[in-house]
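Comments concern the structure below.
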Amino acid sequence: MAYLEIRNLEKHFVKSSGGLLSSKKEIVKAVDGVSFDVHAGETLALVGESGCGKTTTGRSILRLIEPTSGTVRFDGTDVLALRGETLRRMRRRMQIIFQDPYGSLNPRMTVGAAIKEGLIVHGLAEGSAADRRVSTLLDEVGLRPEYAARYPHEFSGGQRQRIGIARALAVEPSFIVCDEPVSALDVSVQAQVVNLLRDLQRERGLSYLFIAHDLAVVAHMADRVAVMYAGQIVELSPARALLQRPLHPYTQALMSSVPQLGNEHERLQAIPGSVPNLGQFPSGCRFHPRCPVAEARCAQEEPPLRRTTSGRSVACH
């Protein structure tokens with residue numbers, strides 16, 4: 001049994017579609033029937049263009065935003081059925097590392113106070129014991145223990161993201177949503193943070209849902225990859241197999257748009273068009289207006305996510 005099971009997860013938003021004073025409403029299907037598993041100790045990468053629903057999926061799993069429908073089972077527990085104290089206890093086991101290492105930290109709280117907050121809320125430590133735990137966590141993520149007395153503005157972006165990682169680790173979770181944790185960092189710092197996350201996973205047995213758009217980072221981080229387009233999963237595969245031979249035309253287009261070392265004279269292939277309006281999807285396959293191999297059938301029938309004989313899954317006719 002998978003450690004985390006997501007089945008038919010949906011998150012729909014309602015917005016006004018006819019101006020400020022209009023009563024017209026539009027349903028925006030940010031996440032529309034997503035299903036996947038994350039196994040214990042595994043990193044599943046969730047990739048796709050901006051606006052495809054990756055972050056909304058991660059936050060819906062943790063109930064930072066409430067899903068519209070679907071099932072989220074974590075270690076056999078129905079997360080969406082939890083309320084009150086049982087939900088609070090579950091939150092200790094499921095944490096998140098945010099994309100913006102500065103915006104996710106309270107500028108009025110010292111680093112030590114920010115990390116210590118989770119320890120106090122969950123009753124794990126207080127007083128001098130909590131201070132010692134903060135020092136240990138800072139050391140674990142490569143920062144000096146005396147930094148606990150400083151404020152977020154006194155650190156670089158990479159250091160602030162290490163603080164965010166320490167804060168997530170403070171309550172000893174077993175599953176972490178990494179929401180594009182290196183996209184706001186310099187390339188050299190990205191490598192340091194990715195290596196830190198891998199080391200922590202190995203030492204603590206963590207499971208990650210790693211949300212990203214950089215396939216080069218995914219290649220170093222992920223065991224499996226789920227490719228998301230317009231609120232749906234269109235391909236799910238072991239990372240090496242997907243990066244060597246992507247099956248879905250959208251995944252192939254993503255790979256063609258990534259610069260390759262040693263191919264500086266190769267022209268990058270931009271994906272034509274843009275992600276569709278999440279309130280007005282095209283008929284049939286949602287990618288067909290942008291797909292170079294689309295057929296007449298693609299405009300009429302929406303392809304289901306089918307498992308292939310090689311154990312990979314793809315939604316394509």
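Here, residue 1 is the first one in the sequence, and each next residue gets the next number. None of the values given here were measured: they were computed from a predicted structure.
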ask   = Quick one: side chain to side chain donor-acceptor pair (under 3.5 Å) pairs with a partner in residues 201-210, sequence neighbours left out?
value =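 Residue pairs with at least one partner in residues 201-210: Thr43-Gln201, Glu140-Arg204, Asp199-Arg202.
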key: Pair listing, side chain to side chain donor-acceptor pair (under 3.5 Å) test, anchored in residues 97-113, at least two apart   =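 Pairs touching residues 97-113 that pass the test: Gln99-Ser183.
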On a heavy-atom basis, which atom in [X] and which in [Y] lie closest, and how many Å separate them?
{"X": "Val293", "Y": "Pro249", "result": "CG2-CG, 3.8 Å"}
{"X": "Ser174", "Y": "Phe74", "result": "OG-CZ, 3.5 Å"}
{"X": "Ile6", "Y": "Asp37", "result": "N-OD1, 4.2 Å"}
{"X": "Pro276", "Y": "Pro282", "result": "CB-CD, 3.8 Å"}
{"X": "Cys298", "Y": "His288", "result": "O-ND1, 3.7 Å"}
{"X": "Pro246", "Y": "Thr251", "result": "CB-CG2, 3.5 Å"}

So, do [X] and [Y] sit near enough that their side-chain heavy atoms are less than 4.5 Å apart?
{"X": "Arg286", "Y": "Tyr250", "result": "no"}
{"X": "His122", "Y": "Arg88", "result": "yes"}
{"X": "Leu124", "Y": "Arg133", "result": "no"}
{"X": "Val111", "Y": "Leu138", "result": "yes"}
{"X": "Gln159", "Y": "Arg150", "result": "no"}

Once rounded to the nearest 0.5 Å, what's the spacing between atom [atom1] of [X] and atom [atom2] of [Y]?
{"X": "Tyr151", "Y": "Leu105", "atom1": "OH", "atom2": "CG", "answer": "13.5 Å"}
{"X": "Leu197", "Y": "Leu206", "atom1": "CG", "atom2": "CG", "answer": "9.0 Å"}
{"X": "Asn277", "Y": "Lys29", "atom1": "CG", "atom2": "NZ", "answer": "11.5 Å"}
{"X": "Leu278", "Y": "Ile27", "atom1": "CG", "atom2": "CD1", "answer": "12.5 Å"}
{"X": "Lys11", "Y": "Asp32", "atom1": "NZ", "atom2": "CG", "answer": "13.0 Å"}
{"X": "Arg167", "Y": "Ile96", "atom1": "CZ", "atom2": "CD1", "answer": "10.0 Å"}

Should [X] and [Y] be counted in the same cluster of Ile, Leu, Val, Met, Phe, Trp and Tyr side chains packed under 4.5 Å apart?
{"X": "Val314", "Y": "Val47", "value": "no"}
{"X": "Ile115", "Y": "Val121", "value": "no"}
{"X": "Val134", "Y": "Ile165", "value": "yes"}
{"X": "Phe210", "Y": "Val141", "value": "yes"}
{"X": "Val193", "Y": "Ile211", "value": "no"}

Donor-acceptor contact below 3.5 Å, side chain [X] vs main chain [Y]:
{"X": "Gln95", "Y": "Arg91", "answer": "yes"}
{"X": "Asn195", "Y": "Ala191", "answer": "yes"}
{"X": "Ser283", "Y": "Ala299", "answer": "yes"}
{"X": "Gln190", "Y": "Val182", "answer": "yes"}
{"X": "Gln161", "Y": "Pro181", "answer": "yes"}

Chi angles and distances behind the side chain to side chain contact (heavy atoms under 4.5 Å, CB included) call for Met228, Phe36 = CA-CA 11 Å; Met228 195 166 186; Phe36 58 81; over 6 Å; no
task = Give the ring-plane orientation class for His248 versus Phe287, where under 30° counts as parallel, over 60° as perpendicular and anything between as tilted.
result =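 Tilted, since the angle between the ring planes falls between 30° and 60°.
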ask   = Is it the case that Tyr147 and Arg162 place a side-chain donor and acceptor less than 3.5 Å from each other?
value =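 There is no such pair between these side chains.
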query = Do Arg297 and Glu295 meet the salt-bridge criterion of a basic N to acidic O distance under 4.0 Å?
reply =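 Here Glu295 does not pair with Arg297 in a salt bridge, since their nearest N and O are not under 4.0 Å apart.
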Full working for side chain to side chain contact (heavy atoms under 4.5 Å, CB included) between Val227 and Leu242 = CA-CA 10 Å; Val227 181; Leu242 181 138; 3.8 Å; yes
inquiry  = I'd like to know whether Glu26 forms a side chain to side chain contact (heavy atoms under 4.5 Å, CB included) with Gln280, so could you lay out the CA-CA distance, the side-chain angles of the two residues, the decisive distance to 0.1 Å, and finally the verdict.
reply    = CA-CA 9 Å; Glu26 182 178 60; Gln280 298 175 351; 3.3 Å; yes
Contacts table for residues 54-72: side-chain donor-acceptor under 3.5 angstrom, sequence neighbours left out:
residue: Lys54; atom: NZ; partner: Gly48; partner atom: O; Å: 3.0
residue: Lys54; atom: NZ; partner: Glu49; partner atom: O; Å: 3.2
residue: Thr55; atom: OG1; partner: Asp179; partner atom: OD1; Å: 2.9
residue: Thr55; atom: OG1; partner: Asp179; partner atom: OD2; Å: 3.3
residue: Thr57; atom: OG1; partner: Gly53; partner atom: O; Å: 2.8
residue: Ser60; atom: OG; partner: Thr56; partner atom: O; Å: 2.7
residue: Arg63; atom: NE; partner: Glu66; partner atom: OE1; Å: 3.2
residue: Arg63; atom: NE; partner: Glu66; partner atom: OE2; Å: 3.0
residue: Arg63; atom: NH1; partner: Val79; partner atom: O; Å: 2.9
residue: Arg63; atom: NH1; partner: Leu82; partner atom: O; Å: 2.7
residue: Arg63; atom: NH2; partner: Glu66; partner atom: OE2; Å: 3.1
residue: Thr68; atom: OG1; partner: His12; partner atom: N; Å: 2.8
residue: Ser69; atom: OG; partner: Glu10; partner atom: OE1; Å: 3.2

query = Is the count of non-hydrogen atoms from other residues, nucleotides or ligands lying under 6.0 Å from Gln252 atom CD greater than 12?
reply =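 More than 12 within 6.0 Å, yes.
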query = With a cut-off of 6.0 Å (strictly less than), are more than 12 heavy atoms of other residues, nucleotides or ligands near CD of Glu301?
reply =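 Yes, the 6.0 Å shell around CD holds more than 12 heavy atoms from other groups.
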ask   = Under the criterion salt bridge (Lys or Arg N to Asp or Glu O under 4.0 Å), which of Arg307, Arg312, Arg245, Arg306 is the partner of Glu235?
value =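 That would be Arg312; it is the only one of Arg307, Arg312, Arg245, Arg306 passing the salt bridge (Lys or Arg N to Asp or Glu O under 4.0 Å) with Glu235.
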